[in-house]
Undergrad: 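Shown below is the structure under consideration.
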Number of protein chains: 2
Amino acid sequence: MKSDTSLSKTEENYIKAIFKLSEKDDQPVNTNAISKSMSIAPASVTDMLKKLAEKELIHYEKYKGVRLSLEGKSVATQLIRKHRLWEVFLVNKLQFGWDQVHDIAEELEHIKSESLVNRLDTFLGNPKFDPHGDPIPNREGKFTLRNQTTLSTLVPGQTGILVGVREHSTPFLGYLNDLKIALGTELKLVERIEFDNSLKIEISQQQQTIITEKVGQNLFVKFK
Amino acid sequence: MKSDTSLSKTEENYIKAIFKLSEKDDQPVNTNAISKSMSIAPASVTDMLKKLAEKELIHYEKYKGVRLSLEGKSVATQLIRKHRLWEVFLVNKLQFGWDQVHDIAEELEHIKSESLVNRLDTFLGNPKFDPHGDPIPNREGKFTLRNQTTLSTLVPGQTGILVGVREHSTPFLGYLNDLKIALGTELKLVERIEFDNSLKIEISQQQQTIITEKVGQNLFVKFK
DNA sequence: GTATATTTTTAGATTATTCTAAAAATTGTA
DNA sequence: TACAATTTTTAGAATAATCTAAAAATATAC
Ligand SMILES: [Mn+2]
Ligand SMILES: [Mn+2]
Ligand SMILES: [Mn+2]
Ligand SMILES: [Mn+2]
């Protein structure tokens with residue numbers, strides 16, 4: 001049962017952090033993990049977990065970590081929907097670069113108006129992916145799945161199209177900008193260097209470069 | 001000298017309230033006036049005034065009311081700029097009604113990003129007025145002046161075009177919607193009823209209606 | 001399986017914003 | 001000018017979100 005419908009920005013940020021930490025494995029999320037991901041002291045996290053449990057947004061047992069309740073998952077999903085739709089707006093309509101929009105979207109996602117989100121969605125043409133290739137949940141919270149193959153798993157000679165990035169940091173996206181790599185760019189794995197698993201790639205059938213294994217693991221591609 | 005650049009949403013709301021209260025006469029604004037306009041207890045207002053004075057956003061002398069400093073005026077103007085640009089976005093791009101956008105804009109105005117506002121301005125085509133006919137300050141904070149003549153000052157037989165509304169409440173705007181009165185609508189003063197100064201008007205050369213004096217005073221018109 | 005290390009919670013404080021009640025200052029009135 | 005009414009400020013307290021330090025629980029290691 002949802003007791004209090006209106007959540008503070010702070011509460012929303014905790015919910016989102018917990019959601020992101022439990023995305024991969026569906027394991028309970030530890031206090032310390034939340035603390036680190038949000039840069040907030042563990043003691044403060046404990047306090048908030050009690051509060052969120054009280055509101056039935058999470059299932060919480062002392063010392064055992066937390067899981068989002070169905071209600072909590074829905075809150076998280078709607079926040080992610082808003083975040084990503086705003087990012088599309090900022091990039092497609094206001095001409096921001098994909099490396100400039102995260103922090104602004106981080107604020108915009110907390111504006112509470114269902115009709116605003118839905119009208120924005122319509123205005124943008126119901127996009128399925130955000131500027132980083134991340135899927136945008138629909139009104140019902142359903143995500144379109146994206147290819148999870150990374151460039152580093154291709155075999156030499158194989159070509160992929162960039163459909164998403166795992167890392168979202170400004171430095172990483174700026175680095176891709178410098179390499180003229182954007183969503184939709186054709187990337188061919190030319191050679192894997194044995195020594196350190198770094199990759200020689202060809203970008204848009206033009207320049208060749210070396211990227212580290214780590215970079216390769218952060219580039220999601222689909223087969224051409 | 002501006003000491004702390006970042007203001008809380010709360011501080012911003014006080015600055016805006018003080019600005020609006022001193023718009024007409026340039027007199028100092030009293031604690032009680034702020035208290036009433038914001039629905040916050042006078043004692044709380046006093047506390048905040050001390051804080052804003054500390055930050056040099058207002059000139060404050062105990063028991064004598066406050067005035068915005070130049071810095072404070074600039075903060076207020078930029079907030080109003082953001083508020084009105086967002087209202088234009090909501091109405092022109094997302095198809096909201098002019099009676100539905102104020103509260104959402106009240107939230108959006110607190111998003112802090114200079115490039116966001118300026119890009120939004122460009123995207124909207126640098127509008128000079130918002131959906132209620134209120135002037136939108138430019139980057140430098142300059143307002144385009146709008147005609148301040150109200151319908152109630154016309155002489156019978158005279159026609160005006162609606163260029164703005166003084167009241168912004170949802171009920172008032174909804175009432176105008178019902179009457180098919182919008183910005184740009186032609187309004188002819190047919191007759192002034194002596195008894196209570198109510199006005200018989202003709203809307204878009206079509207229906208005739210009676211409106212109260214109060215309504216007439218809330219409709220800004222320019223001569224046709 | 002005890003001792004040590006790590007994680008989590010509790011206790012006690014702090015800052016921002018708000019409140020009510022009471023005191024102080026100012027304003028209006030006769 | 002004196003008294004009353006009004007306005008404003010001060011005092012003391014509450015709530016939300018955070019912190020540090022210490023205690024308690026759990027996990028790891030030998
Ligand atoms: Mn983002
Ligand atoms: Mn994104
Ligand atoms: Mn408004
Ligand atoms: Mn407006």
Side-chain angles (χ1 to χ4, degrees), chain A residues 2-18 21-22 25 27-68 72 75 79 106-107 109-110 112, chain B residues 2-18 21-22 25 27-68 72 75 79 106-107 109-110 112:
Chain A
K2 57 184 129 177
S3 30
D4 194 342
T5 324
S6 74
L7 300 180
S8 70
K9 186 169 158 176
T10 306
E11 290 168 327
E12 288 188 339
N13 282 333
Y14 275 93
I15 296 287
K16 219 174 39 136
I18 295 166
L21 288 168
S22 51
D25 42 356
Q27 290 303 105
V29 179
N30 300 316
T31 301
N32 258 1
I34 300 170
S35 162
K36 270 164 201 149
S37 83
M38 299 185 75
S39 304
I40 287 175
S44 311
V45 174
T46 299
D47 282 348
M48 182 56 83
L49 294 183
K50 286 179 189 164
K51 193 173 161 192
L52 295 176
E54 190 59 46
K55 294 194 177 190
E56 300 187 57
L57 292 158
I58 61 173
H59 301 297
Y60 170 56
E61 269 188 282
K62 266 193 190 181
Y63 296 103
K64 296 202 174 164
V66 293
R67 287 170 187 278
L68 289 180
V75 168
L79 283 168
E106 208 60 37
E107 298 299 315
E109 73 189 9
H110 299 290
K112 289 173 186 64
Chain B
K2 61 184 122 178
S3 27
D4 194 342
T5 322
S6 74
L7 300 181
S8 70
K9 186 169 157 179
T10 306
E11 290 168 326
E12 288 188 339
N13 281 333
Y14 274 93
I15 296 288
K16 219 173 43 137
I18 295 166
L21 289 167
S22 50
D25 42 356
Q27 290 304 104
V29 179
N30 300 316
T31 301
N32 258 0
I34 300 169
S35 163
K36 270 164 201 150
S37 83
M38 299 184 74
S39 305
I40 286 175
S44 311
V45 174
T46 299
D47 282 348
M48 183 55 85
L49 293 183
K50 286 179 188 163
K51 194 174 161 193
L52 295 176
E54 190 59 47
K55 293 192 176 190
E56 300 188 57
L57 291 159
I58 60 174
H59 301 299
Y60 171 56
E61 270 187 281
K62 263 193 191 178
Y63 295 103
K64 295 201 176 165
V66 293
R67 285 169 188 281
L68 290 179
V75 168
L79 283 168
E106 209 60 37
E107 297 301 313
E109 74 189 9
H110 299 290
K112 289 173 186 62

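So that the names make sense, note that chain A is the first sequence line, chain B the second, and so on, each numbered from 1. Nothing here was measured: the structure is a model prediction, and the numbers come from that model.
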Undergrad: Between atom CD1 in B:Ile34 and atom C1' in D:dT7, what is the gap in whole Å?
TA: 13 Å
Undergrad: Measure the distance from NZ on A:Lys50 to C1' on C:dT8 and round it to the nearest whole Å.
TA: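 The answer, rounded to whole Å, is 10 Å.
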Undergrad: Quick one: does any side-chain atom of B:Ser39 pair with a main-chain N or O of B:Ser35 as donor and acceptor, under 3.5 Å?
TA: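 Absent.
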Undergrad: With a 4.0 Å limit, can you tell me whether B:Ser8 has a side-chain N or O closer than that to the phosphate oxygens OP1/OP2 of C:dA16?
TA: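 Checking B:Ser8 against C:dA16: no side-chain N or O falls below 4.0 Å of OP1 or OP2.
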Undergrad: Base, sugar-phosphate, or nothing for B:Thr31, non-hydrogen atoms under 4.0 angstrom?
TA: sugar-phosphate
Undergrad: Quick one: closest heavy-atom pair of A:Glu11 and A:Ser6, and the distance?
TA: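 Smallest interatomic distance, heavy atoms only, reads OE1-O, 4.3 Å.
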Undergrad: Is A:Lys64 close enough to C:dT8 that one of its side-chain N or O atoms is under 4.0 Å from OP1 or OP2 there?
TA: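 No, outside the criterion.
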Undergrad: How long is the line joining OH of A:Tyr60 and C1' of C:dT7, in whole Å?
TA: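 For the pair A:Tyr60 OH and C:dT7 C1', the rounded distance is 12 Å.
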Undergrad: What pairs of nitrogen or oxygen atoms, one from the protein and one from nucleotides 18-25 of chain D, lie under 3.5 Å apart?
TA:
residue: D:dT18; atom: OP2; partner: A:Tyr14; partner atom: OH; Å: 3.3
residue: D:dC19; atom: OP2; partner: A:Ala41; partner atom: N; Å: 2.8
residue: D:dC19; atom: OP2; partner: A:Ser44; partner atom: OG; Å: 2.7
residue: D:dA25; atom: O4'; partner: A:Tyr63; partner atom: OH; Å: 3.3

Undergrad: Rounding to a whole Å, what distance do you find between B:Leu52:CG and C:dA16:C1'?
TA: 13 Å
Undergrad: Considering only nitrogen or oxygen atoms on both sides, find all protein atoms under 3.5 Å from nucleotides 1-6 of chain D and state each distance.
TA:
none

Undergrad: Taking only residues two or more places apart in sequence, or in another chain, which ones meet A:Lys62 in a salt bridge (Lys or Arg N to Asp or Glu O under 4.0 Å)?
TA: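 A:Lys62 satisfies salt bridge (Lys or Arg N to Asp or Glu O under 4.0 Å) with no other residue.
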Undergrad: Taking 4.0 Å as the cut-off, does a side-chain nitrogen or oxygen of A:Lys62 come that near to OP1 or OP2 on C:dT7?
TA: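 For C:dT7, neither OP1 nor OP2 has a side-chain N or O of A:Lys62 closer than 4.0 Å.
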Undergrad: Using 0.5 Å steps for rounding, measure from the CG atom of A:Leu21 to the NZ atom of A:Lys16.
TA: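 Reported to 0.5 Å precision, the distance equals 11.5 Å.
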Undergrad: Heavy atoms, side chains only, cut-off 4.5 Å: are A:Tyr60 and A:Thr46 in contact?
TA: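 The answer is yes, as the side chains (C-beta and beyond) meet within the 4.5 Å cut-off.
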Undergrad: Take atom CG of B:Leu49 and atom P of C:dT18, then tell me their distance rounded to the nearest Å.
TA: 12 Å
Undergrad: Let me know the distance between CD of A:Glu54 and P of D:dA16, rounded to the nearest Å.
TA: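 Taking atom P of D:dA16 as the reference, CD of A:Glu54 is at 12 Å.
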Undergrad: Do B:Glu61 and B:Val66 come close enough that some side-chain heavy atom pair is under 4.5 Å?
TA: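 No; the side chains remain at least 4.5 Å from each other.
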Undergrad: Are any side-chain N or O atoms of B:Ser44 and backbone N or O atoms of B:Ile40, one a donor and one an acceptor, separated by less than 3.5 Å?
TA: no
Undergrad: My understanding is that only one of B:Glu106, B:Glu107, B:His110 makes a side chain to side chain donor-acceptor pair (under 3.5 Å) with B:Lys9; could you say which?
TA: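 The passing option is B:Glu107.
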Undergrad: For the residue pair B:Ile58 and B:Leu49, what are the closest heavy atoms and their distance?
TA: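 The pair with the smallest heavy-atom distance is CD1-O, 3.3 Å.
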